[in-house]
Amino acid sequence: IVDVSHVSDQTFWDIMDETQKPVFASHSSVRSLSDHPRNMTDRMIRRVAADGGAVCINYYSQFIDVAYRDRRRALERTHAERFDALAEREARYTDRGTAQLALALELDPDIDPPRLDILGNHFEKVVELGGSTAACLGSDFDGISELPLGMEDVGDLGALRAELERRGLPIRPIYGENVLRILAAQSGN
């Protein structure tokens, strides 16, 4: 399976010109909503969808909300010693992320971390750009330290489902059918 998450833009287009089967982005978000180089452009999302692939949305707070990321990074620069002390004290990245978010909120109560609705925007945009077969879950639970408020861990997938249902998005395709379809295409089944 070809995974185009976090490749450079040029590598993405090179892959798309060469591959014969649907690709997926295992954990990417939408650059037009949050201008981060790890996120995919609208044109990339359309191309993945047109070729039968799907974009699995990454939940990392600093990827889905660039304004929050920039404000957080400014805080981390200004208060580096306090954030560094947390990093030394908290060995597990998830514990460190929770502690760093608490510190950020203490230092800047108006920082406004992203919530489930911001995450929902990314799913909605992918479906808008590529249709019901274009979006899937790509949490990156095992690789990120901070999730949007309302999404503490996998136990909150029901809350995400409610957010997507509220928007009228296709739950079954997003929650697994799209990935299963891409897996089947790889073996020709």
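Residue numbers count from 1 along this sequence.
Of the possible polar contacts, none joining the R38 side chain to the H6 backbone as a donor-acceptor pair under 3.5 Å is found. Here the side chain of R115 pairs a donor or acceptor atom with the backbone of P113 at under 3.5 angstrom. S34 places no side-chain N or O within donor-acceptor distance of the main-chain N or O of V30, the cut-off being under 3.5 Å. Between the side chain of T11 and the backbone N or O of V7, no donor-acceptor pair lies under 3.5 Å. A donor-acceptor contact shorter than 3.5 Å is absent between the side chain of N39 and the backbone of S28. With R167 contributing its side chain and D117 its backbone, the two residues share a donor-acceptor pair below 3.5 Å.
Side-chain contact between N178 and F24 is absent, with no heavy atoms from C-beta onward closer than 4.5 Å. Residues I45 and K125 fail the side-chain proximity criterion, which asks for heavy atoms closer than 4.5 Å.
Looking at N58 and S29, their side chains never bring a donor and an acceptor atom within 3.5 Å of each other. A side-chain donor-acceptor contact under 3.5 Å links S26 and D3. Counting only N and O atoms by type, the side chains of R43 and T41 include no donor and acceptor under 3.5 Å apart.
Taking both residues in full, the closest heavy atoms of S5 and A25 are given as OG-C, 3.2 Å, listed atom of the first, atom of the second, then distance. Contact detail for C56 and V179: the closest heavy-atom pair is SG-CG2, 4.1 Å. Closest approach of V127 to A135, counting heavy atoms only: CG2-CB, 3.9 Å. M151 approaches D156 most closely through the heavy-atom pair CE-O, 3.3 Å. Minimum heavy-atom separation, K21 to A185: CD-O, 3.7 Å.
Under a cut-off of 6.0 angstrom, the local environment of CD in E81 is crowded, with over 12 non-hydrogen atoms contributed by other residues, nucleotides or ligands.
Residue F83 is found in a hydrophobic cluster whose other members, listed by chain and number, are Y68, L75, L86, L101, L103, L105, L107, I111, L149; membership requires side-chain heavy atoms under 4.5 Å apart, directly or through intermediates.
Distance check, rounded to the nearest 0.5 Å: CG of L33 to CD1 of I57 gives 9.0 Å. Taken from OG in S145 to CD in Q100, the straight-line distance is 6.5 Å, to the nearest 0.5 Å. H122 NE2 to Y59 OH: the interatomic distance, rounded to the nearest 0.5 Å, is 12.0 Å.
Using a cutoff of 4.0 Å between basic side-chain nitrogens and carboxylate oxygens, E106 and R82 are scored as salt-bridged. A salt bridge does not link E76 with R73: none of the charged nitrogens is closer than 4.0 Å to a carboxylate oxygen. The existence of a salt bridge linking R69 and D65 is excluded, since no basic side-chain nitrogen approaches an acidic carboxylate oxygen closer than 4.0 Å.
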From CA spacing to verdict: side-chain contact (heavy atoms from CB on, under 4.5 Å), V48, M40:
CA-CA 10 Å; V48 167; M40 298 181 69; 3.8 Å; yes
Checking side-chain contact (heavy atoms from CB on, under 4.5 Å) for the pair L160/L137: CA distance, chi angles, key distance, verdict?
CA-CA 10 Å; L160 177 59; L137 302 176; 4.0 Å; yes
Listing, residues 169-177 side-chain donor-acceptor contacts under 3.5 Å, not counting sequence neighbours, or none:
unit_1	atom_1	unit_2	atom_2	d
R172	NE	E177	OE2	2.9
R172	NH2	E177	OE2	3.0
Y175	OH	L157	O	2.7
Y175	OH	R161	N	3.0

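For the side chain to side chain donor-acceptor pair (under 3.5 Å) with R71, the qualifying choice from D110, D108, D112 is D108, the only one to do so.
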